[in-house]
Colleague: 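Please find one structure pasted underneath; my questions will follow.
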Amino acid sequence: AATGGLPSRNQLLYFSIMLGAGCFFIFISLVMFLPLIVLMPAKFASCFSLGSCLVIGSFFALKGPRAQLAHMMSKERLPFSVAFVGSMVGAIYSSVIMHSYLLCLLFSALQILALLYYVLSYFPGGTAGLKFMLSMMKNMILGCFRR
């Protein structure tokens, strides 16, 4: 809560509604549109981004806007916040306004990685493990192009 105490009943209600709606849209995007992402990346990007916005909004409702913004702008969270919000904006812009197939796919992939990083960052050793796996993948991909 904004006062540092327990969340109020309204805060918990708004948090629950927004989190539930966000999870619903992410679930729909993964179940219905992820298998068709090659054919319809804009539908996946729009649905997944809406779900992500609702999930982030639920934490604004729970913690309060100032506390959530301070948390997202903290030194250790700022790179994630910029990557996550930037990938959401990029996915929505490339799918709804530009209608760019490749940019939509790129921003959707970045958004999924940013969401995974966010979720894993709350588990002990989660970000270190993710960084290790990403560096291994990078080395494998670059190894394919070396002679």
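Hydrogens, waters and symmetry mates are skipped; everything else that's a heavy atom, side chains included, is used.
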Colleague: Looking at Phe80, I want to see if its CZ is surrounded by more than 12 non-hydrogen atoms of other residues, nucleotides or ligands under 6.0 Å.
Modeller: yes
Colleague: Rounded to the nearest 0.5 Å, how far apart are CG of Leu142 and CE of Met137?
Modeller: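 Atom-to-atom, Leu142:CG and Met137:CE are 11.5 Å apart.
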Colleague: Which heavy atom of Tyr14 sits nearest to which heavy atom of Ala61, and what is that distance?
Modeller: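 Closest pair (atom of Tyr14, atom of Ala61, distance): CB-CB, 3.9 Å.
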Colleague: Working to the nearest 0.5 angstrom, can you tell me the gap between Arg66 CZ and Leu69 CG?
Modeller: 10.0 Å
Colleague: Do Phe44 and Ile97 sit in one hydrophobic cluster, given that two such residues count as connected whenever their side-chain heavy atoms are within less than 4.5 Å of each other, even indirectly?
Modeller: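 The answer is no; the residues belong to distinct hydrophobic clusters.
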Colleague: Do Leu39 and Val31 share a hydrophobic cluster, counting only Ile, Leu, Val, Met, Phe, Trp and Tyr and linking them when any side-chain heavy atoms are less than 4.5 Å apart?
Modeller: yes
Colleague: Could you tell me whether the side chain of His71 and the main chain of Ala67 form a donor-acceptor pair under 3.5 Å?
Modeller: no
Colleague: Are the side chain of Ser58 and the backbone N or O of Val55 linked by a donor-acceptor pair below 3.5 Å?
Modeller: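 Yes, Ser58 side chain to Val55 backbone: donor-acceptor pair under 3.5 Å.
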Colleague: State, to 0.1 Å, how close Ser94 and Cys104 come at their nearest heavy-atom pair, and which atoms those are.
Modeller: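 Here Ser94 and Cys104 meet closest at OG-CA, 3.3 Å.
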Colleague: Looking at every non-hydrogen atom in both residues, tell me the closest pair between Met72 and Val85 and how far apart they are.
Modeller: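 Heavy atoms only, the tightest pair is CE-CG2, 4.3 Å.
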Colleague: Taking the side chain from Ser87 and the backbone from Phe84, do they hold a donor-acceptor pair closer than 3.5 Å?
Modeller: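 Looks like yes, one N/O pair under 3.5 Å.
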Colleague: Determine the minimum heavy-atom distance between Gln111 and Ser52, stating which atoms define it.
Modeller: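 Nearest heavy atoms, Gln111 then Ser52: NE2-OG, 3.1 Å.
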Colleague: For the pair Gln11 (side chain) and Ser8 (backbone), establish whether a donor and an acceptor sit closer than 3.5 Å, ignoring hydrogens and angles.
Modeller: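 Confirmed, Gln11 side chain pairs with Ser8 backbone.
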Colleague: Check whether any side-chain heavy atom of Pro7 sits under 4.5 Å from a side-chain heavy atom of Phe15, and report yes or no.
Modeller: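 Answer no - side chains too far apart.
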Colleague: Over all heavy atoms of both residues, which pair between Ser29 and Phe48 is shortest? Give the atoms and the distance, please.
Modeller: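 Shortest heavy-atom contact: OG-CD1, 3.3 Å.
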Colleague: To the nearest 0.5 angstrom, please state how far the CD1 atom of Ile92 sits from the CG atom of Leu50.
Modeller: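 Reported value, rounded in 0.5 Å steps: 7.5 Å.
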Colleague: More than 12 non-hydrogen atoms from neighbouring residues, nucleotides or ligands closer than 6.0 Å to OH on Tyr93, yes or no?
Modeller: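 Result for OH/Tyr93: open.
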Colleague: In terms of hydrophobic clustering (I, L, V, M, F, W, Y; side-chain heavy atoms under 4.5 Å; direct or indirect links), are Leu30 and Leu36 co-clustered?
Modeller: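 Yes; tracing contacts between hydrophobic side chains, which count when under 4.5 Å, links both residues.
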Colleague: Evaluate the side-chain proximity of Val89 to Phe107: yes if any heavy-atom separation is below 4.5 Å, no if none is.
Modeller: no
Colleague: Atom CG in Leu110, atom CG in Leu105: separation rounded to 0.5 Å?
Modeller: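 One gets 11.0 Å once the value is rounded to the nearest 0.5 Å.
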Colleague: Between atom NZ of Lys43 and atom SG of Cys47, what is the distance when rounded to the nearest 0.5 Å?
Modeller: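 One gets 10.0 Å once the value is rounded to the nearest 0.5 Å.
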Colleague: With a 4.5 Å heavy-atom cut-off, do Ile28 and Phe33 have their side chains touching?
Modeller: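 Yes; the side chains approach each other to less than 4.5 Å.
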Colleague: For the residue pair Ser46 and Val96, establish whether any side-chain heavy-atom pair is separated by less than 4.5 Å.
Modeller: yes
Colleague: Using the rule that Ile, Leu, Val, Met, Phe, Trp and Tyr join whenever any side-chain heavy atoms are under 4.5 Å apart, tell me whether Phe59 and Leu115 fall into a single cluster.
Modeller: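 Both belong to a single hydrophobic cluster.
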Colleague: Among the clusters formed by ILVMFWY side chains lying less than 4.5 Å apart, do Leu19 and Phe27 turn up in the same one?
Modeller: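 Same cluster.
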Colleague: When rounded to the nearest 0.5 angstrom, what is the spacing between CG in Leu62 and CG in Leu12?
Modeller: 6.0 Å
